[in-house]
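Contents: one structure, followed by commentary.
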Amino acid sequence: MKSIRKLRIHPGGLLFDTVNMGMMLLLCITTLYPFLYLLTMSLSPSDVSFTTIKIWPEKFTWANYQMVFEHKYIRSGFVNAVIRTVLGTLITLVVTVSAAYVLAKPYFPHRKFWTQLIVLTMFFSGGLIPTYLMIKGLNLMNTVWALVLPSMVSAFQLIVTRNFLQSLPAELEESAKIDGANDIYILWKIVIPLSMPILVTLGLWNIVFHWNQWFDSMLYMTRPENEVLQVVMRRIVLDGEMDMLSTAVPEMQRQVNTETLKAATIMFTTIPIILIYPFVQKYFIKGMLVGAVKG
Amino acid sequence: MKAAQWGKTLLATMLAGAMLTACSGNENSPATNNGNNAVPASAEGSADPLAKYEPIEGKKYTISWLPYEKVPVPEDAEMVKYYEEKFNVDFDIWNLDHANVVELFNMRLAAGEIPDYNRNAVKTNTLPQYVDQGVLAEIPEEVIKKYMPNIYENAMKLDPNWLKYASVDGKIYGLPILSDAAEFRTTIVWRGDWLEKVGITKTPDTLEEFEEAFYKFTNEDPDGNGVKDTYGLSQSGLQAIFGAFGVLPGYGPHKWQDWFWMEKDGKIVNAAVMPEAKEALKLLNKWYKDGVLDPEFITGENTGDYWGISHAFVNGKIGFTGHGQNQHWYEPLAEIEGDKGGRNYEELAKKDPAIAKSIRYGLPPVGLNGERTLFANNYVDAPVIVFGKQLEDEPDKLGKILQILEHNMGTTKENFYTANLGIKGKHWDSDDETLRTFKILPPYNEMEGNVYGAGIFASDFLTFTMNEVKNEWARKNGFSEGAVRNKLIGALPSDDMYKAELIKLRDEAYISIITGDKPVDYFDEFVKKWYAAGGDQATKEANEWQANLTK
């Protein structure tokens, strides 16, 4: 408190604060404006003109959201997206933490070799076509596993988690061992409760990744009822957009989706993921730092 | 140390493994579809070489079908079942997302899968590369003639070179799609209320009248707000002005107009370097200096949103535009129930219905040579229907597919409508016998047709059209007058190397001349640069292409 009062005495400091706050406000507005514009659009009936900028709805309606909720494939897409997000995140957490726990042990045989093997995958991947052939060959097409298994372990996340686990004091474990606990018990009762920051960070990374991912769904899902929300949303938003690369004659096609419906669909796909952030923010910042410090 | 060695060995093994997988995938490809090779043995030796294309009576074909689709088609879609029963076939519909269709198609090819019928992934300019890869089947012209008689006859009437646009080394590999949007030139649209306000009663018709209107729009405050904030024209209006000088250099908002070739003294020349363009640029430079040309012409009239909207026009900044096509501007037609008109008309009406009503649809200015000149598309649209290589071993299946196409697009208007819209009386209906107008019945009017399978067994050969009423309106309003078409169709072999660079050169030169950064005489230097940067080669190839066509 005192330090703030002191600052007020210096006109230079005051000026800096004012400019700083002004810049920050401007930054906030530029970030918020597109969001607000879409929100307004999604709450307006389609007969309002949006050729000029608007931030408050002239007329108000829920009709767009009603249409979104009644859309067959938005519903199924939402369910599919939730399933892949929950399943994918859980699998990733379990596998990543287990592997990292093992690799964090200094007495693990050939530890360096296994770590390097994993790091190798950060630089080389199978590529699009071989991956597609494999998914097809394993009969995973049109199943949720095609979306979850290829991204099950990320080498980067694994290394970050390993580094975090290495930073836990070994004495904790030794004392538990003396009390007769086995490795699984130690992992479950001691290591995991201490690792909440990194777990939440991993969780958030994967939730966001799975929620936003659409390309794999487009590759592996050949039936509309299996597609994830992002694919459905993308298609609705792109309706009426011309393929600018082609030299084709502009199409004379019936456009079903109005701009206001498009806006409502975008809001519907964005809001769930935005809602998660405030709850995990504090862990997230902590986790990022803790994992990064020790190399 | 040891670990590093290990890593290297392992890496090598993994890479080799990855390559093997990729290669073996390719090698599999021709074998995948050879299952039922049912060419009648007698056909080979018989006198009629077309006999082997005759579909076998009673045989149930399985056809893999890659349609043009906006949304994916469910497996049990009503129209898929309808046509499976009707033609006694099994359709395996490939749902490849339209926005990424080329990428997805290439991936399937690499995995050794080729669709029998493909309406969406190949265009006239990419066709040669797929022929080189050996994934497309050849179709003899006689076969098309025999199994698609009506479509063939009508298409050849519209453009005798129809099939040549899908030919490589004299062999036909596909059926180019024809588009009825090509009948009409781009637009000439005036703010009628502004014209009246500045005292012009007759819609401008000559270049002088155009100029007069533009100057009045700029100087006489047509929107009456007391501020000089209006302009005569912006980016999309430029084409009409170039047209008045008898040249269409393609500089404007729409990519499909970019690469325009015209005929001069028996040769084809890229319009961007024709000397007439210099005269037009001189005039535009003057207009720019006088504030008649919107200084934001460089970024264009559309500021996001749907591409066909001219925001500058709708928001009352300019009084003249050439943006989009007639379907973006037409007035609500009484014959179509609940019609709101083109997107621009609709947007204007949202602001003020009186302004929308005042729109005037003009003609391109009469040029110095006494003719009107404005861009129009060619009938041959870029997409080509192609067939999988495996059909060369199954000519009877190819015959069957061609029969299906003829039935849906070449026989009767009702069959055509059924393929496009669904079943009459259920998905759509019409009050008159001739099917001039139709309406889509609820609840289907708020759905994408693909969801129940409508449209995926249809394509366009212009034997029939769905847009009869709108086309009539466009004809009545002069949209077919002054239409000038590109002399070059399809791609040149050197496009990959030079085209983008040449278009960029043109844009830079035009913009700097109009804005006065460079003097008008810079045009001559630009022409030299253009030819040196690959224009020579492109011009040579374009003329060879034309010589081949007329051969």
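Proteins come first, then strands; the chains are lettered A, B, ... in the order of their sequence lines, and each starts at number 1.
Of the atoms belonging to B:E346, not a single heavy atom falls under 4.5 Å from chain A. Contacts of A:Y73 with chain B are made by side-chain atoms alone, with heavy-atom separations under 4.5 Å and no backbone atom involved. In this structure, the portions of B:V71 lying under 4.5 Å from any heavy atom of chain A include both its backbone and its side chain. Neither the backbone nor the side chain of A:V232 comes within contact range of chain B, judged by heavy atoms closer than 4.5 Å.
In this structure, the separation between CD1 on B:I93 and OG1 on A:T222 is 11.5 Å, given to the nearest 0.5 Å. Here the CG-CZ distance, from B:D97 to A:F215, works out to 9.5 Å after rounding to the nearest 0.5 Å. In this structure, CD1 on A:I129 lies 12.0 Å from CZ on B:R108, to the nearest 0.5 angstrom. Residue A:Y132 holds its OH atom at 9.0 Å from CG of B:L104, rounded to the nearest 0.5 Å. Interatomic distance, A:T131 OG1 to B:M107 CE, rounded to the nearest 0.5 Å: 9.5 Å.
For B:K351, the NZ atom counts as densely surrounded, since its 6.0 Å shell holds more than 12 non-hydrogen atoms of other residues, nucleotides or ligands. Environment of CH2 in B:W473: crowded, with over 12 heavy atoms of neighbouring residues, nucleotides or ligands closer than 6.0 Å. Annotation: A:Y33, atom OH; neighbour count of heavy atoms from other residues, nucleotides and ligands within 6.0 Å is above 12.
Remark: side-chain polar atoms of B:K70 are not paired, donor with acceptor, to backbone N or O of A:R235 under 3.5 angstrom.
Closest heavy-atom contact between B:P72 and A:E227: CG-OE1, 3.6 Å.
Side-chain atoms of A:R234 and B:N100, non-hydrogen and from C-beta on, do get closer than 4.5 Å to each other. In this structure the side chain of A:K136 reaches within 4.5 angstrom of the side chain of B:E113, judged on heavy atoms.
Contact count versus chain A (heavy atoms, under 4.5 Å) is highest, among B:V314, B:N315, B:N95, for B:N315.
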